[in-house]
Structure formats: C-alpha cells, structure tokens
Amino acid sequence: MNKKNQSLQDVQIKSVFALYSNGQVKEALNALEALTKDYPNESSLYNIRGVCYKAINQIDASVESFKKALTIKPDDIMANFNLGIIHMEIGQLDSAVTFYEKVLKLNPNYSDAHYNLAITFEKLGSLDSAVKSYKNVLTIKPDHFASHNNLGVLYKDLGNQEAAVKSYKKAIAIKPDFADAHNNLGVLYKDLGNQEAAVKSYKKAIAIKPDFADAHNNLGFLLYENDQLDLAAKSFKQAIAIKP
C-alpha cells in the first residue's frame, strides 16, 4: 500500500472511531462494513468492529470480529486483550487468562493486562497469582491506586493484616478521595480492634461518598456493638434509603 492510500485509510479509521466515541455505534458499523471490503486485511478495522458489537451487546459478533483480527494478525495485542475482557465478563475465566497471558508475552509492560489478569485470578481463587499480578502492575505504575487497594483486600484474605493496612494507606496517599479504600481500611481496623480508627475511616468514606451504603451499614454495626443504638439506627436507615 502506498503512502497516499495508507494516509487515506488512517483518516477513515479515525473517522469510524470518532463515530464510536460519540455513541454513533450503528453508524460506525455501517462505515466499517464498507471499509472492511476496501481493506480486508486491516486487523484494526475488525478490532474496532468487535468493540462496536460489544457496545451494543452483540457478544458473538464481537468475538467473531476479534478472532478475524487475529486470523489476519495473530500477534494483535488489542484483539487478544479484548477477547480476554469478553471471556472474563462471561465467566470463561481460564480462557481469559490465556488471552491476557498472550498479551503479556507480546508486551510484558502492558499494565492493564496485568491488572485484568489479577482480577481474573481473584475470581478463580488463585490469590497468590493475583498478588503477583497486582505487584506487576505496581512495578510498571507505582501510583496505580486501585491495585494498592485490591492488594489490601487480598492481603486481608490471606491473613496478612499489616500488609493490608500498608496497601490501603498507599492507595489513600495516592488518591485521598478513594472512598472504597477508606471503607476497607475501616473494616480492617475493626477486625484489629481499633474501633476509633474504624469509625474515622467509615466517616471519611461517607464524607467523600454520601451515598456509600456499605460504609453507612458498617458504621451502623460498629455503633450498635458499642450500644450507640440511636446513631446505629440512623446509619442503618441511611444505608437502606440508599440501597433498599
């Protein structure tokens, strides 16, 4: 393909992606129908088509498009990654692991693939592998607050409470308004018997996210256990109002 045709193709691809980004998915698919006829060996077109079909919940057509991209270009990172996402979402976790691992063979520094792999390992109950994958994310992106928070959850499940506290605090240091991390830290402080710190963490989570039903509920239980029944009832009522 000469440079003129390549430039034209790039413009057309960007135009299609702009349609998708603006929510004009059907228009994007119509444009892709013509483009795939003109450029049948362009894997990126089938990638975009797969993303479009996924957006309108046509999963079979989405999978077919990503697989077509891989037929053209077996080492297509995005097609493998997108297939990993789909298999993870539909509960085919072993297949998801396979696709994410293919991505990481092609690009070991793809942090999103490490992160999704960690989540998949969690769902499979492979907690040690999940910990390793989250650590891989943090090697690439030390300020990835979600990975610090999720590591805290895993450390708590594995009985390493000290490491869990450190992970939650790292997440909060990076993102002070991370309500989930404050709530998780509150749960851990409660388990450690530090009720005062737990209350502070729950209240901080609620201050950041007033409609955080779990934090209201957790605060309610702690108040109830300390015989502050009126305040506990108020917290429970707020939790129910948010999440009946």
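Keep in mind that this is a model prediction, so the values were computed, not measured. What you see below is based on every heavy atom in this structure, not just the backbone, and it leaves out hydrogens, waters and symmetry mates.
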List for me each residue that meets side chain to side chain donor-acceptor pair (under 3.5 Å) alongside Lys200, sequence neighbours excluded, and say none if there are none.
-> none

Mind checking what makes side-chain contact (heavy atoms from CB on, under 4.5 Å) contact with Glu89, not counting sequence neighbours?
-> Lys54, Ile85

Without swapping roles, check the side chain of His148 against the backbone of Ala181 for a donor-acceptor pair under 3.5 Å.
-> no

Tell me, please, which residues at least two apart from Ala118 pass side-chain contact (heavy atoms from CB on, under 4.5 Å).
-> Ser133, Tyr134

N/O donor-acceptor pair under 3.5 Å between His182 side chain and Ala207 backbone | no

Using the test side chain to side chain donor-acceptor pair (under 3.5 Å), find all partners of Asn149 that sit at least two apart in sequence or belong to another chain.
-> Asn184

Rest of the hydrophobic cluster containing Phe145 (Ile/Leu/Val/Met/Phe/Trp/Tyr, side-chain heavy atoms under 4.5 Å)?
-> Ile174, Phe178

So how far is it from Leu45 CG to Leu35 CG, rounded to the nearest 0.5 Å?
-> 5.5 Å

Steps toward side chain to side chain contact (heavy atoms under 4.5 Å, CB included) verdict (Phe121, Leu93) | CA-CA 8 Å; Phe121 279 137; Leu93 301 180; over 6 Å; no

Residue pairs fulfilling ring-ring contact (aromatic ring centres under 6.0 Å, His included) with at least one residue in residues 46-77, sequence neighbours excluded | none

Return yes if some donor-acceptor pair links the side-chain N/O of Asn107 with the main-chain N/O of Asn109 below 3.5 Å, else return no.
-> yes

What pairs of residues pass the ring-ring contact (aromatic ring centres under 6.0 Å, His included) test when at least one of them lies in residues 70-96, not counting sequence neighbours?
-> Phe81-Tyr100, Phe81-Tyr110, His87-Phe99

Carboxylate-amine/guanidinium contact Lys175 Asp177, below 4.0 Å | yes

Would you please name every residue forming a side-chain contact (heavy atoms from CB on, under 4.5 Å) with Lys243, sequence neighbours left out?
-> Ala213, Asp214

Could you state the interatomic distance from CD1 (Ile56) to CD1 (Ile59), rounded to the nearest 0.5 Å?
-> 9.5 Å

Besides Leu231, the hydrophobic cluster formed by Ile, Leu, Val, Met, Phe, Trp and Tyr side chains linked at under 4.5 Å, directly or via other members, contains Val187, Val199, Tyr202, Ile206, Leu219, Leu222, Leu223

Out of Leu104, Asn47, Leu106, which one pairs with Ile77 under the side chain to side chain contact (heavy atoms under 4.5 Å, CB included) rule?
-> Leu106

Just jot down the side chain to side chain donor-acceptor pair (under 3.5 Å) partners of Ser147, sequence neighbours excluded, or say none.
-> His144

Hydrophobic cluster membership, Ile140 vs Leu117, 4.5 Å side-chain cutoff = no

By side chain to side chain donor-acceptor pair (under 3.5 Å), which residues pair with Ser43, not counting sequence neighbours?
-> Asp76

Does Lys67 offer a backbone N or O that forms a donor-acceptor pair with the side chain of Thr71 under 3.5 Å?
-> yes

Considering residues at least two apart in sequence or located in another chain, which fulfil the side-chain contact (heavy atoms from CB on, under 4.5 Å) criterion with Asp38?
-> none

Pair Lys102 + Asp75, salt bridge at N-O below 4.0 Å | no

